[in-house]
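Please read these numbers as outputs of a predicted model, since none were measured by experiment.
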Amino acid sequence: MRILLVEDDPVLADGIRAGLALAGLTVDAVTNCADAQAALAGARFDALVLDLMLPDGSGLDVLAALRARRDATPVLLLTALDETTDRVRGLDGGADDYLGKPFDLDELAARLRALARRGGGRASPLLTHGGLTLDPATLSVSLAGHAVPVSRREFAVLAMLMERPGVIRSRGELEERLYGWQEEIESNTVEVYVHNLRAKLGRDAIETVRGLGYRLRGAA
């Protein structure tokens, strides 16, 4: 999952980014409404973690603009415990969830995974395809019941393919999922991860669709 974090406290933002990275999420962070609007206009995110009190306005304004253009990106609000009115306004204004400060990073990651499941129309917390099973909560993979060791980024590539097995994922889409703004992307990085996954899951597990990208073998 690629997350946009809108939080003006640099210490908290760094902690959230580091904690979510350990949970296998890629996090880009901005500190104000204007930068949040620009980021949302220029890139696609799987979820938005939005503080309400920002230097140049309210996170509710960012939420309102997002929903006004019919952008359905899941939004989780970060609020102080006494901001009941703002939480109600946010939920009624299109937010999907909220979390009161202070909060536990494991709970934040779990709530974001739940938002992704609902956004993708899935009831199960696991991703399955044929004999493959992925558990986003533990970053674990099994094939025919046997554990398959994978790196965090190999897991991210496989998860993106399994979220919509019938959809071809381009290299650019996969790179967006794997890397934040400040991370350098090597020219063949996706190919390397696909190669590694084929070595672990079988050479025919992932199909290359020439000129377009990748999809799981057997997808319609």
Test of understanding: with side chain to side chain donor-acceptor pair (under 3.5 Å), list the residues that count as partners of [X], not counting sequence neighbours.
{"X": "Asp46", "answer": "Arg44, Arg177"}
{"X": "Thr73", "answer": "Asp71"}
{"X": "Ser151", "answer": "none"}

Do the side chains of [X] and [Y] get close enough for a salt bridge, i.e. N-O under 4.0 angstrom?
{"X": "Arg89", "Y": "Asp86", "answer": "yes"}
{"X": "Asp96", "Y": "Arg67", "answer": "yes"}
{"X": "Arg117", "Y": "Glu163", "answer": "no"}
{"X": "Lys101", "Y": "Asp51", "answer": "yes"}

Nearest 0.5 Å, what's the [atom1]-[atom2] distance between [X] and [Y]?
{"X": "Leu158", "Y": "His129", "atom1": "CG", "atom2": "NE2", "answer": "10.0 Å"}
{"X": "Thr26", "Y": "Glu175", "atom1": "OG1", "atom2": "CD", "answer": "12.0 Å"}
{"X": "Leu54", "Y": "Glu7", "atom1": "CG", "atom2": "CD", "answer": "7.5 Å"}

Item to check | Crowding at OH, Tyr98 (>12 non-hydrogen neighbours, <6.0 Å) | outcome: no
Checklist entry - Hey, is CZ on Arg69 packed in by over 12 heavy atoms from elsewhere, all under 6.0 Å? => result yes
Item to check | Under 3.5 Å donor-acceptor, Ser124 side chain and Leu126 backbone | outcome: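 Here the side-chain-to-backbone pair exists.
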Checklist entry - Are any side-chain N or O atoms of Asp56 and backbone N or O atoms of Cys33, one a donor and one an acceptor, separated by less than 3.5 Å? => result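 Yes; judged by distance alone, with no hydrogens or angles, the pair exists.
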